[in-house]
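As a basis for the values below, the full set of heavy atoms in this structure was taken, side chains included, without hydrogen atoms, waters or symmetry mates. Since this is a predicted model, take the numbers as computed values, not measurements. Below, chains carry the letters A, B, ... as their sequence lines are ordered, and counting in each starts from 1.
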Amino acid sequence: MRIATFNVNGIASRLDLLLEWLAESKPDVACLQELKSPDARLPVDAIRRAGYGIVGFGQPSWNGVAILARGREPIETGRGVPGLEADPQSRYIEAVVDGVIIGCLYLPNGNPRPGPKFDYKLRWFESFNDHAKKLFGCGMPVVLAGDYNVVPTDADIYNPASWRNDALLQPESRAAFTQLIGQGWTDAVRACYPDRVPYTFWTYWRNRYQRDAGLRIDHLLLNAEAAPMLLGAGVDRNVRGRPGASDHAPAWIELAIGND
DNA sequence: ATGCCATCAGCATGATGA
């Protein structure tokens, strides 16, 4: 069972690239972020024609998350993070696919810092961690996949010095991620690449992709039930190099579940 | 210190992203 996470940076303007990637990578589950689309304008028909069921949580212009399942309908188990019921931003959706709980998240960026946006990031992170702790011990395999907007360590970025003041590298952001991992979660891509992790994001500026001047901010975390099923992981790096691409590349894991 | 490049909304340019 292949589970992927992909920040599409606008699903309407990149639908063809999304469908192309689905056809070639064939993830069984795809967690999408930054749809930048209201629910009514999600390209549900095109995604269904491509063979995927979908549950989506959009909003106009910004944010937005969705879970796709190949040949199946994801069973939605929640949207929005508990404790943040008044959150006006669509950043979390959760579903069950083939007995696996899939949490799809788009954690706030947090820039500029300091300021209300960074405060919002930390508040959101804290509530998410509370929810993650409950999920960890629920007894089912759980995968938390998405754009965490955190560079966990200096090994996860080409040059930490030039990003030192960014919200993605702040000690508070990293401490929240470390606290999450401390609940027992396995960072699947890290586990499969102990020496040199692949990046998942390259800004559009200054040929950063061509220079592989990237950041690793898209993560897939596994609870104790899911971690023993991990067969492999990777990043579809070439997707980022296509004309009109998102600034993120898809990251994925392979779990020993199902018949595919 | 700032812009880089790109989205959306909406039709010129601002808010936003990371």
Side-chain angles (χ1 to χ4, degrees), chain A residues 5-19 21 31-43 56-66 87-92 104-125 128 145-177 197-219 235 237 239-251:
Chain A
T5 179
F6 186 14
N7 180 321
V8 294
N9 191 11
I11 194 168
S13 60
R14 293 190 223 283
L15 181 59
D16 290 345
L17 285 163
L18 171 63
L19 295 175
W21 168 71
C31 297
L32 307 181
Q33 302 88 31
E34 276 210 83
L35 304 178
K36 297 185 173 179
S37 165
D39 286 332
R41 286 219 291 268
L42 289 177
F57 184 26
Q59 73 175 77
S61 301
W62 300 303
N63 310 310
V65 285
D87 189 355
Q89 304 187 17
S90 300
R91 294 183 173 277
Y92 184 71
C104 171
L105 66 142
Y106 175 45
L107 212 135
N109 169 299
N111 284 307
R113 178 207 62 90
K117 294 196 174 180
F118 191 64
D119 296 341
Y120 171 64
K121 176 183 194 145
L122 296 182
R123 201 165 61 246
W124 202 97
F125 218 146
F128 178 74
D147 178 355
Y148 285 72
N149 268 317
V150 175
V151 175
T153 73
D154 285 353
D156 298 298
I157 183 171
Y158 67 104
N159 175 18
S162 57
W163 290 75
R164 193 57 77 191
N165 291 321
D166 193 279
L168 278 57
L169 277 74
Q170 289 315 297
E172 297 94 328
S173 307
R174 287 176 160 179
F177 188 81
V197 285
Y199 301 135
T200 64
F201 167 85
W202 301 257
T203 78
Y204 292 117
W205 309 329
R206 303 189 178 206
N207 290 316
R208 295 260 168 89
Y209 173 71
Q210 287 76 5
R211 295 163 38 212
D212 197 27
L215 291 67
R216 193 176 73 98
I217 56 178
D218 301 273
H219 309 298
V235 172
R237 189 183 186 286
V239 171
R240 172 63 179 81
R242 292 174 183 166
S246 166
D247 40 8
H248 294 250

Tell me the stems DNA chain B sits in, counting at least three consecutive Watson-Crick or G-U wobble pairs, each under 3.5 Å on both distances.
->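 Consecutive-pair runs (3 or more) involving DNA chain B: B:5-9 with B:13-17.
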Atom-pair distance ([atom1] on [X]; [atom2] on [N]), nearest Å:
| X | N | atom1 | atom2 | value |
| --- | --- | --- | --- | --- |
| A:N111 | B:dC4 | CG | P | 17 Å |
| A:E34 | B:dT16 | CD | C1' | 9 Å |
| A:R91 | B:dT16 | CZ | C1' | 11 Å |
| A:F201 | B:dC5 | CZ | C1' | 10 Å |
| A:L15 | B:dT7 | CG | P | 14 Å |
| A:W205 | B:dC4 | CH2 | C1' | 6 Å |
| A:K121 | B:dG17 | NZ | P | 11 Å |
| A:R242 | B:dA6 | CZ | P | 17 Å |

[N] and [M]: how far apart are their [atom1] atoms, nearest whole angstrom?
| N | M | atom1 | value |
| --- | --- | --- | --- |
| B:dG17 | B:dC4 | C1' | 13 Å |
| B:dG10 | B:dG14 | P | 16 Å |
| B:dA15 | B:dT2 | P | 16 Å |

Measure up the A:W124 and A:F128 rings against each other and bin them: parallel (under 30°), tilted (30 to 60°), perpendicular (over 60°).
-> parallel
Parallel, tilted or perpendicular: rings of A:Y158 and A:W163 (30°, 60°) |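 Rings of A:W163 and A:Y158: perpendicular, over 60°.
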If only atom types and distance count, is the side chain of A:R174 paired as donor or acceptor with the main-chain N or O of A:V151 below 3.5 Å?
-> yes
Atom of [X], atom of [Y] and distance for their closest heavy-atom approach:
| X | Y | result |
| --- | --- | --- |
| A:F6 | A:H248 | CE1-O, 3.4 Å |
| A:R164 | A:Q170 | O-NE2, 2.9 Å |
| A:A66 | A:G56 | CB-CA, 3.9 Å |
| A:A245 | A:R14 | O-NH1, 3.1 Å |
| A:N9 | A:S246 | CB-OG, 3.6 Å |

By the 4.0 Å heavy-atom rule, please label [X] as base, sugar-phosphate, or nothing.
| X | value |
| --- | --- |
| A:N165 | nothing |
| A:D147 | sugar-phosphate |
| A:Y106 | sugar-phosphate |

Greater than 12 external heavy atoms within 6.0 Å of A:R41's CZ = no
Worked verdict on A:Y209 versus A:R237 for side-chain hydrogen bond (donor to acceptor under 3.5 Å, both in side chains) | CA-CA 9 Å; A:Y209 173 71; A:R237 189 183 186 286; 3.0 Å; yes
Contacts of A:R208 and A:W163 projected onto DNA chain B by closest heavy atom; the upstream (5') one is A:R208
What string of B, S and - do you get for nucleotides 8-15 of chain B, 5' to 3', if B is base contact, S is sugar-phosphate-only contact and - is no contact with any protein heavy atom under 4.0 Å?
-> SS------
